[in-house]
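Data first, discussion second: the structure below is written as structure tokens.
As a basis for the values below, the full set of heavy atoms in this structure was taken, side chains included, without hydrogen atoms, waters or symmetry mates.
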Amino acid sequence: MRIDILTLFPEMCNTVMNESITGRAIKKGVLQVYCHQIRDYTYDKHNRVDDTVYGGGKGMLLLAEPIADCFEHICADIGEKPYFVYMSPKGKILNQEKIKQLSKHKNIAILCGRYEGVDQRLIDNFVDEEISIGDYVLTGGELPALILADSISRLVPGVLSDDECFMLESHYNGLLECPQYTKPAVWRGHQVPQVLLSGHHENVDKWRYEQALEITKKRRPDMLKDQNDI
């Protein structure tokens with residue numbers, strides 16, 4: 001998979017994506033991540049990327065042309081149009097189902113907003129989908145873009161050591177994750193559940209499912225509305 005991030009702070013995005021699991025995946029060639037400086041696609045000597053808002057009001061708005069030129073450069077480099085996502089507080093709330101859908105795309109481009117946002121004409125004519133990471137506002141779209149890129153990357157074959165690494169996690173199958181334990185078997189007088197030490201895989205799977213179901217009922221009952229067995 002290839003992910004392109006359009007941003008005013010490419011160094012920030014590069015630093016995060018080149019660390020840990022995603023960084024190793026990039027080095028292996030399993031994942032490609034390119035962070036593009038929008039200012040490189042401006043035409044005036046000041047590399048201006050924003051201007052005042054028509055109709056009045058405080059704040060500045062990102063210009064459409066530098067972003068469009070940056071995106072068209074990416075399209076030309078790839079040889080096709082990537083799925084283009086704009087990180088916006090007005091977008092659909094990101095969840096695991098959406099991440100699974102996006103992970104099926106071969107190429108994804110992510111636009112990081114700044115200031116008061118982006119000229120609507122750019123959104124209407126270039127962007128495929130607006131996505132939000134929650135009902136709150138940040139100073140820019142870089143952190144949301146990194147969250148999206150990281151969450152998608154984890155589902156790309158070869159990024160994690162095994163599919164089971166993400167298939168048992170919270171939200172992947174519509175439930176929160178069950179409790180997890182590691183050595184020692186007894187820590188400060190607290191015992192690991194005996195079933196996990198039994199070596200009986202069927203019983204372990206049953207216990208994990210029941211625990212995940214119980215935790216979801218208590219903490220996120222809204223997630224169970226589509227569970228046929230509730």
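- L111 is connected to L143 through a chain of hydrophobic side-chain contacts under 4.5 Å among Ile, Leu, Val, Met, Phe, Trp and Tyr, so both are in one cluster.
- Summarising the local packing, NZ of K218 is surrounded by 12 or fewer heavy atoms from other residues, nucleotides or ligands at distances under 6.0 Å.
- Of the charged side-chain nitrogens involved, none lies within less than 4.0 Å of a carboxylate oxygen, so that E202 and K206 do not count as a salt-bridged pair.
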What's the verdict on side chain to side chain contact (heavy atoms under 4.5 Å, CB included) for H36 and I5, showing C-alpha distance, side-chain angles and the deciding distance? CA-CA 6 Å; H36 306 268; I5 301 176; 5.9 Å; no
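- Although no hydrogens or angles enter the test, the distance criterion places a donor-acceptor pair under 3.5 Å between the side chain of T22 and the main chain of M17.
- Looking only at distances, a side-chain donor or acceptor of N125 sits under 3.5 Å from a matching main-chain atom of R121.
- Annotation for P10 and Q37: closest pair CD-NE2, 3.4 Å, computed over non-hydrogen atoms.
- Taking all atoms of both residues into account, the shortest heavy-atom contact from N107 to E80 is ND2-OE2, 2.9 Å.
- Atom-to-atom distance recorded for L61:CG and D119:CG is 6.0 Å, nearest 0.5 angstrom.
- A donor-acceptor pair is defined here as one N or O able to donate and one able to accept, closer than 3.5 Å; no such pair exists between the side chain of H105 and the backbone of I108.
- The closest donor-acceptor contact from the side chain of S132 to the backbone of K92 lies at 3.5 Å or more, if one exists at all.
- N18 places a side-chain N or O within 3.5 Å of a backbone atom of N14 that can act as its donor or acceptor partner.
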Tell me, with the steps shown, if V85 and L148 meet side chain to side chain contact (heavy atoms under 4.5 Å, CB included). CA-CA 10 Å; V85 175; L148 180 62; 3.9 Å; yes
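- Defined by atom type and a distance below 3.5 Å, a donor-acceptor pair is missing between the side-chain atoms of Y209 and Q211.
- One distance of note links CG of L31 with CD1 of I21; it measures 11.5 Å at 0.5 Å rounding.
- Listed here is the closest heavy atom pair of V192 and P184: CG2-O, 4.0 Å.
- Atoms CG and CD1, from D135 and I93 in turn, are 4.5 Å apart once rounded to the nearest 0.5 Å.
- A salt bridge does not link R208 with E177: none of the charged nitrogens is closer than 4.0 Å to a carboxylate oxygen.
- In plain terms, the two heavy atoms of I215 and C178 that are nearest each other are CD1-CA, 4.3 Å.
- Judged by distance alone, the side chain of S153 and the main-chain N or O of A149 form a donor-acceptor pair under 3.5 Å.
- Electrostatic pairing of K81 and D128 counts as a salt bridge here, judged by a charged N lying under 4.0 Å from a carboxylate O.
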Give the C-alpha distance, both sets of side-chain angles, the deciding distance and a yes or no for side chain to side chain contact (heavy atoms under 4.5 Å, CB included) between R114 and E142. CA-CA 9 Å; R114 277 276 158 178; E142 282 72 24; 2.8 Å; yes
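- Both L6 and I78 are part of a single hydrophobic cluster, where members link through side-chain heavy atoms under 4.5 Å apart.
- Cluster annotation: I110 is not connected to Y34 through the hydrophobic network of ILVMFWY side chains, with a link wherever side-chain heavy atoms come within less than 4.5 Å.
- For R39 and D50, the salt-bridge test fails: no basic side-chain N is under 4.0 Å from an acidic carboxylate O.
- Taking every heavy atom of both residues into account, V204 and L196 meet most closely at CG1-CD2, 3.9 Å.
- Counting only distance, with no hydrogens or angles, the side chain of E116 and the backbone of G59 share no donor-acceptor pair below 3.5 Å.
- Note that the CE atom of M12 and the CG atom of L8 stand 11.5 Å from one another [nearest 0.5 Å].
- Residue A212 comes nearest to L176 through the heavy atom pair CB-O, 3.1 Å, listed as atom of the first residue, atom of the second, then distance.
- Of the residues listed (Y86, F84, Y83), the one engaging F71 in a ring-ring contact (aromatic ring centres under 6.0 Å, His included) is F84, and it is the only one.
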Could you go through L155 and L102, starting from their C-alpha distance and side-chain angles, then the distance that decides it, and tell me whether this counts as side chain to side chain contact (heavy atoms under 4.5 Å, CB included)? CA-CA 10 Å; L155 303 188; L102 292 173; over 6 Å; no
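- Within a 6.0 Å radius of OH in Y54, other residues, nucleotides and ligands contribute 12 heavy atoms or fewer.
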